[in-house]
Amino acid sequence: YDRANFIFLGSHSKNSSAVDNTGLQKFNGTFQINMSPLPWLTTSSMIHFTRMDRNRNRGIRDRIAEVRNIPEMSSPLSPNKEVYGAYLSEFDKSIDDNRSNLLMGFITLDGKWEKWRWNTRVNFDYNESLRDYFVPSSLIEGNNFVSNYYGTNIRLNVNSILQHTLTINDRQELEITAGIDFWKDRYKYNYATAYDGPNDYIKINVVNGKKTDDDYLIPNGFKVYRYTDQERLNLLGAFVNLNYSFDKLFDLKAVLRND
């Protein structure tokens with residue numbers, strides 16, 4: 001019989017719109033392998049990744065919400081092609097990078113020997129979102145703006161069971177299953193906005209990340225506002241299942257679990 005098999009899948013899709021040069025690029029890849037190194041042992045594993053790059057629109061509503069600035073509305077742009085073209089050319093000085101990455105997978109070990117069965121499975125899921133945004137001073141009446149966002153969602157799950165089937169006699173059978181279940185989640189984001197940079201050539205708020213220095217995270221030429229948060233969730237469970245069968249006519253099940 002086949003001792004191993006694998007599969008690899010890859011794809012790329014690109015969606016674009018004629019409206020405001022918006023678009024989305026997506027890359028996907030999946031690799032899965034199944035093996036049976038021993039007659040009584042089977043292992044399976046899979047890893048999948050996705051990357052998405054997005055071009056956002058340049059609408060004034062979204063920019064006002066992000067920058068938290070209400071522009072002067074009494075003198076709107078004149079309906080002139082050259083004037084509007086000069087306005088759009090100012091966006092060439094800006095930065096608007098949006099990216100999402102996803103990595104997920106699992107590995108499973110499954111063993112069977114006579115009336116014993118053992119199964120262990122490890123699942124992981126990693127998701128991150130990044131955004132770097134810069135608006136030049138020509139679009140905010142002399143005051144430039146920088147924002148940076150980095151958020152992650154991480155999940156780890158480990159599940160393991162040991163099962164034994166006990167044959168009492170020809171008519172009675174008892175199946176005993178014991179196992180553990182562990183979950184670990186973390187949700188975190190770092191978001192910072194900065195105003196009034198020295199000029200439009202410095203588009204990134206560069207700081208010193210060394211905690212032992214006196215100028216740790218002190219901005220250089222920007223007025224910075226930071227928003228950070230993190231949440232951790234942990235769950236550990238242990239359980240025992242009993243499944244009694246009489247002559248395949250009557251079943252009695254019992255569960256004991258503690259989380």
If only atom types and distance count, is the side chain of [X] paired as donor or acceptor with the main-chain N or O of [Y] below 3.5 Å?
X: K184; Y: R232; result: no
X: D247; Y: L249; result: no
X: H12; Y: N28; result: no

When rounded to the nearest 0.5 angstrom, what distance separates [atom1] in [X] from [atom2] in [Y]?
X: N15; Y: R54; atom1: CG; atom2: CZ; answer: 13.0 Å
X: H48; Y: D125; atom1: NE2; atom2: CG; answer: 10.0 Å
X: M46; Y: I7; atom1: CE; atom2: CD1; answer: 11.5 Å
X: I180; Y: L162; atom1: CD1; atom2: CG; answer: 11.5 Å
X: E175; Y: Y244; atom1: CD; atom2: OH; answer: 14.0 Å
X: N101; Y: T50; atom1: CG; atom2: OG1; answer: 9.0 Å

Got [X] and [Y] here, is their nearest side-chain heavy-atom distance under 4.5 Å?
X: F145; Y: P136; result: no
X: R186; Y: Q230; result: yes
X: V67; Y: I140; result: yes
X: Y150; Y: Y189; result: no
X: Y191; Y: R226; result: no
X: K253; Y: L242; result: no
X: N243; Y: N241; result: no
X: F246; Y: Q172; result: yes

Any donor-acceptor N or O pair under 3.5 Å, side chains [X], [Y]:
X: N190; Y: T228; answer: no
X: S245; Y: D251; answer: yes
X: N123; Y: N157; answer: yes
X: E128; Y: T152; answer: no
X: D200; Y: S137; answer: yes
X: N98; Y: D96; answer: yes
X: D53; Y: Q25; answer: no
X: S36; Y: R3; answer: no
X: N34; Y: S44; answer: yes
X: Q163; Y: T177; answer: yes

Got a salt bridge between [X] and [Y], using NZ or NE/NH1/NH2 to carboxylate O under 4.0 Å?
X: D259; Y: R257; value: yes
X: D213; Y: K211; value: no
X: D185; Y: R155; value: yes
X: R131; Y: E66; value: yes
X: K210; Y: D215; value: no

Assigning hydrophobic clusters by single linkage (Ile, Leu, Val, Met, Phe, Trp, Tyr; side-chain heavy-atom cutoff under 4.5 Å), is [X] placed with [Y]?
X: F27; Y: F8; value: no
X: L109; Y: L38; value: yes
X: V240; Y: L174; value: yes
X: V122; Y: L235; value: no
X: V135; Y: L88; value: yes

For [X] versus [Y], what's the shortest heavy-atom pair and its separation?
X: F134; Y: S94; value: O-CB, 3.0 Å
X: K112; Y: D110; value: CE-OD2, 3.8 Å
X: L103; Y: F49; value: CD1-CB, 4.0 Å
X: P198; Y: G221; value: CD-O, 3.6 Å
X: T120; Y: S160; value: OG1-OG, 2.9 Å
X: F222; Y: G197; value: CE2-CA, 3.4 Å

Give the C-alpha distance, both sets of side-chain angles, the deciding distance and a yes or no for side-chain contact (heavy atoms from CB on, under 4.5 Å) between Y195 and Y225. CA-CA 9 Å; Y195 298 86; Y225 303 89; 3.9 Å; yes
Parallel, tilted or perpendicular, as decided by the 30° and 60° cut-offs, for the rings of Y87 and F91: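 Answer is perpendicular, since the angle exceeds 60°.
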Using 30° and 60° as the class limits, which term best fits the ring planes of F31 and F6: parallel, tilted or perpendicular?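 F31 vs F6 ring planes: tilted.
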Just jot down the salt bridge (charged side-chain N to carboxylate O under 4.0 Å, His left out) partners of K115, sequence neighbours excluded, or say none.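 By the salt bridge (charged side-chain N to carboxylate O under 4.0 Å, His left out) rule, K115 matches no residue at all.
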For [X], I'd like to know if atom [atom1] has over 12 heavy atoms of other residues, nucleotides or ligands within 6.0 Å.
X: N258; atom1: CG; answer: no
X: I168; atom1: CD1; answer: yes
X: Y227; atom1: OH; answer: yes
X: R68; atom1: CZ; answer: yes

Assess whether side-chain contact (heavy atoms from CB on, under 4.5 Å) is satisfied between Y187 and L233, documenting all intermediate values. CA-CA 9 Å; Y187 309 96; L233 303 174; 3.9 Å; yes
Between N159 and F182, does the side-chain contact (heavy atoms from CB on, under 4.5 Å) criterion hold? Intermediate values first, please. CA-CA 6 Å; N159 180 273; F182 173 71; over 6 Å; no
Show your reasoning for whether side-chain contact (heavy atoms from CB on, under 4.5 Å) applies to L256 and F239. CA-CA 6 Å; L256 177 64; F239 59 90; over 6 Å; no
